[in-house]
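Worksheet: the structure to be examined is printed underneath.
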Amino acid sequence: MSTQELITQELITQVKIQRYLPEQHNEPYWQTFTVPMDESTSILDALNHIKEEQDPSLSYRWSCRMAICGSCGVMVNGIPKLGCKTFLRDYSGPLKIEPLAHFPIEKDLMVDMDTFLQHLTAVQPYLIPDFINEQPASTEPYKQTPAQLAKYRQFANCINCGLCYSACPQFGLNAEFLGPAALTLAHRYNLDSRDTGKDQRMAQLNSHEGVWGCTFVGFCSEVCPKGVDPAAAVNQGKVEAAKSTLIALFKG
Amino acid sequence: MHNKAGFEKPLNALWWLKHRFFKAYMLREATVIPLLFFIGCMLAGIYSLLQGENQWLAWLGFMQQSWVVGLNILALLASLYHALTFFVLFPRVMPLSLGDYRIPAWAIVAGQWMAVVAVLLFFGWLFL
Ligand code: SF4
Ligand code: FES
């Protein structure tokens, strides 16, 4: 449909939203809303419209509305998406919006992301200085060449939106699995030339809840809105984990 | 691990039917089943060879039955499909570079297929 047509026609579309109000219902239920749309209406715009004009009780998260903060993740027709980066114009027929899969639902489209945040912090996602050789903390800035930066740059683009966890059946089956974003973050620091914490992270990565919980389904990388390719990071992590097992074996 | 609260729906056993992408994944994983049959055939062959001529001939007879041939053709197609998926994933797991030059993924995939063809040609030359 051309922009001209969209301007002259008042377009409306139907949006089915999964509601959950724990004080009033034991289970989620579906509610259909009719919203106006044009060429630029995002899922988040539609939700805002419903909240402002039709039902102020609708709950969902958002902040930046420009794919930076990572808080507006929802399932759109069963696929995890950022609400602010997904547009009504790309869908035909009624839209189904649900909270992110594999997380407990708190209210409407808001899920409890505690497990995800715990997994992120569990991998020590910060530069770990060289304690072993007891290098004195330098007051000089850490220098890094463009080539050293390029090694981990792609994996540093994660915005912690959690879409990859909703795409990952292994996380869905076992919430103890550290999951795509946390394992990617660990790999990102392991690849950083300024970091010496790889050995500290390895015990956790080299476990069933770590990289070996992944079977390379690969859907995480399909849904990632930032092109991070977590599946690649996790499976590069398997190579590293296998190497460290071999080295430990030879050292006895 | 503590969870604040909330409604939870456990994943049911048919989760992989929900999306085309998951079905392709399950197909990739399922390629191991016909392959197990092929490996079983090979092990039986080696065993019957050790048992003597009668056993060996019986095994050859078994292998020529049409359903056995059919299953083994399926195993071949399944492993080719598995190779296809594996080759595409490989450059993401093992990105290769020459000095500062990152070898593009398509070149690695093409290289792997060339290796397959080379191995087939080598065995063809050896046995034919
Ligand atoms: S890896 Fe991608 S999908 Fe996963 S949390 Fe980070 S930005 Fe979101
Ligand atoms: S509102 Fe911030 S990522 Fe969508």
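Chain naming here is simple, since letters A, B, ... match the order of the sequence lines and numbering starts at 1 in each.
Considering every non-hydrogen atom in both A:Thr215 and B:Arg28, the closest pair reads O-NH2, 2.9 Å. The two residues B:Trp15 and A:Leu173 make their nearest non-hydrogen contact at NE1-CD1, 4.2 Å. The two atoms that bring B:Arg92 and A:Ala231 nearest to each other are NH2-CB, 3.6 Å, heavy atoms only.
Looking at heavy atoms from C-beta onward, A:Val217 lies out of side-chain contact with B:Trp16 at the 4.5 angstrom threshold. A heavy-atom distance below 4.5 Å is found between the side chains of A:Gln236 and B:Pro95. A 4.5 Å side-chain heavy-atom check between A:His102 and B:Leu11 finds at least one atom pair inside the cut-off.
Considering only heavy-atom pairs separated by less than 4.5 Å from chain A, the leading option among B:Lys9, B:Lys18, B:His19, B:Met26 is B:His19. Among the candidates A:Gly78, A:Ala147, A:Pro169, the residue making the largest number of heavy-atom pairs closer than 4.5 Å to chain B is A:Pro169.
By the neighbour-count criterion of 12 heavy atoms within 6.0 Å, atom CZ of B:Phe62 is densely surrounded, having more than that number from other residues, nucleotides or ligands. In B:Asn54, the CG atom is not crowded: 12 or fewer heavy atoms of neighbouring residues, nucleotides or ligands sit closer than 6.0 Å. Environment of CZ in A:Phe87: crowded, with over 12 heavy atoms of neighbouring residues, nucleotides or ligands closer than 6.0 Å. The number of heavy atoms from other shown groups lying within 6.0 Å of CZ (A:Arg194) is above 12. Applying the 6.0 Å contact sphere to CD of B:Gln65 captures more than 12 heavy atoms from other residues, nucleotides or ligands. Surrounding NZ of A:Lys96 are at most 12 heavy atoms belonging to other residues, nucleotides or ligands under 6.0 Å away.
Heavy atoms of A:Ala167 lying under 4.5 Å from chain B belong exclusively to its backbone. The contact between A:Asn26 and chain B is made entirely by backbone atoms, counting heavy-atom distances below 4.5 Å. When heavy atoms are compared at a cutoff of 4.5 Å, A:Glu222 approaches chain B solely by way of its side chain, counted from C-beta outward. For A:Pro22, no part lies under 4.5 angstrom from a heavy atom of chain B.
Taking CZ of B:Phe7 as the start and CD of A:Gln18 as the end, the distance is 7.5 Å to the nearest 0.5 Å. Taking OG1 of B:Thr85 as the reference point, atom CZ of A:Phe216 lies at 9.5 Å (rounded to 0.5 Å). Rounding to the nearest 0.5 Å gives a distance of 11.0 Å between CE of B:Met94 and CG of A:Asn235.
Using cut-offs of 30° and 60° for the angle between ring planes, the A:Phe219 and B:Phe22 rings count as perpendicular.
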